[in-house]
Peer 1: 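Take a look at the following structure, please.
Heavy-atom basis, side chains included; hydrogens, waters and symmetry copies ignored. Fair warning: this is a prediction, and the values are worked out from it, not measured in the lab.
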Amino acid sequence: MAWRPGPPAGSLLARAFVLDESELAQCLGNLSVLLWASRRREEAVTALEEAVATARRLAAVAPAVQEPVLADVASRLVTYLGRLQRWREAFALADEAAGVTARLAAADPVRYESSHAKVLRQSAEARLGAEGSLAAARRDADMSVAIYRRLAAEDHAEYHRALEEAVETQELVRSAGSSGPVAPTTRWTSEEHWVNLLNQDEVWQDIQDRRHRLDEMPPSYCRNVLRFIHKQADRIIELLADGLDVTPEALGLADRDDAASWLDRQPLIAALTRRARGESARPEFCYCGYPVAPGWHHEHCYPGIVVD
């Protein structure tokens, strides 16, 4: 059966299930999750944009009731905008959301401090993507880590993963200022970003679209990048399949593979893994056992290859 687009997000059909306008933002927020899961990305963003606009308008009248809703839908929209690499929009919204969650956390830290820490982490990432102030990005990342460290000390099971993510963001922000870029470059689409990066073993292109030579990147930064990529393994496969309009099998995903094992075979991941151990990005010998040297062609080699 051919896929047909559903009704536009935020349409009368969406409103038909809403008994009161105060529920509209939450309804649209829930709708956005279903749209995103159905790969209707732009419609998901449209739904959340209307959710944010509705919650913002209502929060101006009843902040105690509506600001928590505004913070929730704004944070989700920042996440989606970041995934679509719409960093300037994400940055502006994250900055607004951080102001809201700061007020909520000040009034009720037990309930809202973790939400504030999350939005601060998002703000730091969005500032990097939008080429904003590195000092402000470091401030937001440091504040996020400090809050999550305190929360994790009280409830490790609940907050340890959020703390790890905040620390990763903190280290990425710090690395952005300490690891010199090779050269500025134009922005790629998401699928171009991963296709171009995964199939080579010389550079990493960061969230600000700056290229870094792998052999000049500190091992700690390489470990952070590896964690960042592996966290998105399933989404990278989905993004490549959708963006290039091919099946996962056409990308080289075998029946026995999961997304992580497929990633581990890609040249960039193998090179980052070596650098994370303090080794050279490119080995002296290829996976096939022959030298990596001028005149030798290894473009079809991969980890685990068997050469007769």
Side-chain angles (χ1 to χ4, degrees), residues 9-10 21-33 35-36 41-42 44-148 150-151 159 161-163 165-170 172-173 207-208:
E21 192 183 30
S22 64
E23 299 173 3
L24 178 58
Q26 291 176 318
C27 178
L28 288 168
N30 294 335
L31 175 63
S32 73
V33 175
L35 289 168
W36 190 272
R41 311 302 197 203
E42 294 300 330
V45 168
T46 298
L48 277 174
E49 287 174 337
E50 184 167 350
V52 168
T54 301
R56 187 186 286 130
R57 183 174 67 253
L58 295 175
V61 178
V65 176
Q66 293 299 324
E67 279 199 333
V69 178
L70 174 58
D72 179 61
V73 293
S75 174
R76 188 176 304 162
L77 180 53
V78 170
T79 296
Y80 288 179
L81 290 171
R83 289 177 181 175
L84 296 174
Q85 297 194 16
R86 291 164 59 175
W87 290 114
R88 293 191 183 279
E89 296 167 78
F91 164 52
L93 187 59
D95 201 42
E96 176 188 358
V100 174
T101 55
R103 289 192 295 274
L104 292 171
D108 189 347
V110 173
R111 189 172 181 183
Y112 294 113
E113 213 172 21
S114 64
S115 297
H116 185 46
K118 177 182 178 181
V119 170
L120 286 170
R121 176 180 61 77
Q122 292 177 313
S123 176
E125 293 176 351
R127 285 181 191 278
L128 280 182
E131 299 181 9
S133 165
L134 276 179
R138 292 191 192 100
R139 178 203 64 205
D140 290 347
D142 290 347
M143 290 174 62
S144 177
V145 168
I147 294 171
Y148 276 131
R150 186 170 65 254
L151 293 174
Y159 295 109
R161 183 58 195 141
L163 174 58
E165 291 177 348
V167 169
E168 288 172 14
T169 297
Q170 182 186 54
L172 283 171
V173 170
I207 199 169
Q208 291 181 284

Peer 1: Under the salt bridge (charged side-chain N to carboxylate O under 4.0 Å, His left out) rule, what pairs show up with a residue in residues 104-114, not counting sequence neighbours?
Peer 2: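 Applying salt bridge (charged side-chain N to carboxylate O under 4.0 Å, His left out) to every pair that reaches into residues 104-114, excluding sequence neighbours, yields Glu113-Arg150.
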Peer 1: How long is the straight-line distance from CG of Leu70 back to CG of Leu104, given to the nearest 0.5 Å?
Peer 2: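 One gets 9.0 Å once the value is rounded to the nearest 0.5 Å.
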Peer 1: If you apply the rule side-chain contact (heavy atoms from CB on, under 4.5 Å), what do you find for Leu134 with Leu128, and how did you get there?
Peer 2: CA-CA 7 Å; Leu134 276 179; Leu128 280 182; 3.3 Å; yes
Peer 1: Check side-chain hydrogen bond (donor to acceptor under 3.5 Å, both in side chains) between Glu165 and all other residues, then give those that pass, not counting sequence neighbours.
Peer 2: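 With neighbours one apart ignored, the set is empty.
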Peer 1: Which residues pass the side-chain contact (heavy atoms from CB on, under 4.5 Å) test with Ala117, not counting sequence neighbours?
Peer 2: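 Testing Ala117 for side-chain contact (heavy atoms from CB on, under 4.5 Å), a comparison that skips the adjacent residues, returns Ser144, Ile147, Tyr148.
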Peer 1: If I compare all heavy atoms of Ala124 with all of Ala137, which pair ends up nearest, and what's the gap?
Peer 2: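 Minimum heavy-atom contact is CB-O, 3.4 Å.
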Peer 1: Who pairs with Arg56 by salt bridge (charged side-chain N to carboxylate O under 4.0 Å, His left out), at least two apart in sequence or on another chain?
Peer 2: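 With sequence neighbours excluded, Arg56 shows a salt bridge (charged side-chain N to carboxylate O under 4.0 Å, His left out) to Glu96, given in chain and number order.
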Peer 1: side-chain contact (heavy atoms from CB on, under 4.5 Å), that's the test. Do Val100 and Tyr112 meet it? Break it down for me.
Peer 2: CA-CA 10 Å; Val100 174; Tyr112 294 113; over 6 Å; no
Peer 1: In chain order, what residues pass the side-chain hydrogen bond (donor to acceptor under 3.5 Å, both in side chains) check against Ser75, with sequence neighbours excluded?
Peer 2: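 With neighbours one apart ignored, the set is Gln122.
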Peer 1: Is it true that a side-chain atom of Ser123 and a backbone atom of Val119 form a donor plus acceptor pair closer than 3.5 Å?
Peer 2: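 No.
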Peer 1: Among residues at least two apart in sequence or on other chains, which ones pass side-chain hydrogen bond (donor to acceptor under 3.5 Å, both in side chains) with Thr101?
Peer 2: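 Expected list: His116.
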Peer 1: Could you pull out all residues at least two apart from Asp95 that satisfy side-chain hydrogen bond (donor to acceptor under 3.5 Å, both in side chains)?
Peer 2: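 side-chain hydrogen bond (donor to acceptor under 3.5 Å, both in side chains) check on Asp95 returns Arg127.
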Peer 1: Which pairs count as salt bridge (charged side-chain N to carboxylate O under 4.0 Å, His left out) when at least one residue sits in residues 66-78, sequence neighbours excluded?
Peer 2: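 Listed by first then second residue: Glu67-Arg103, Asp72-Arg76.
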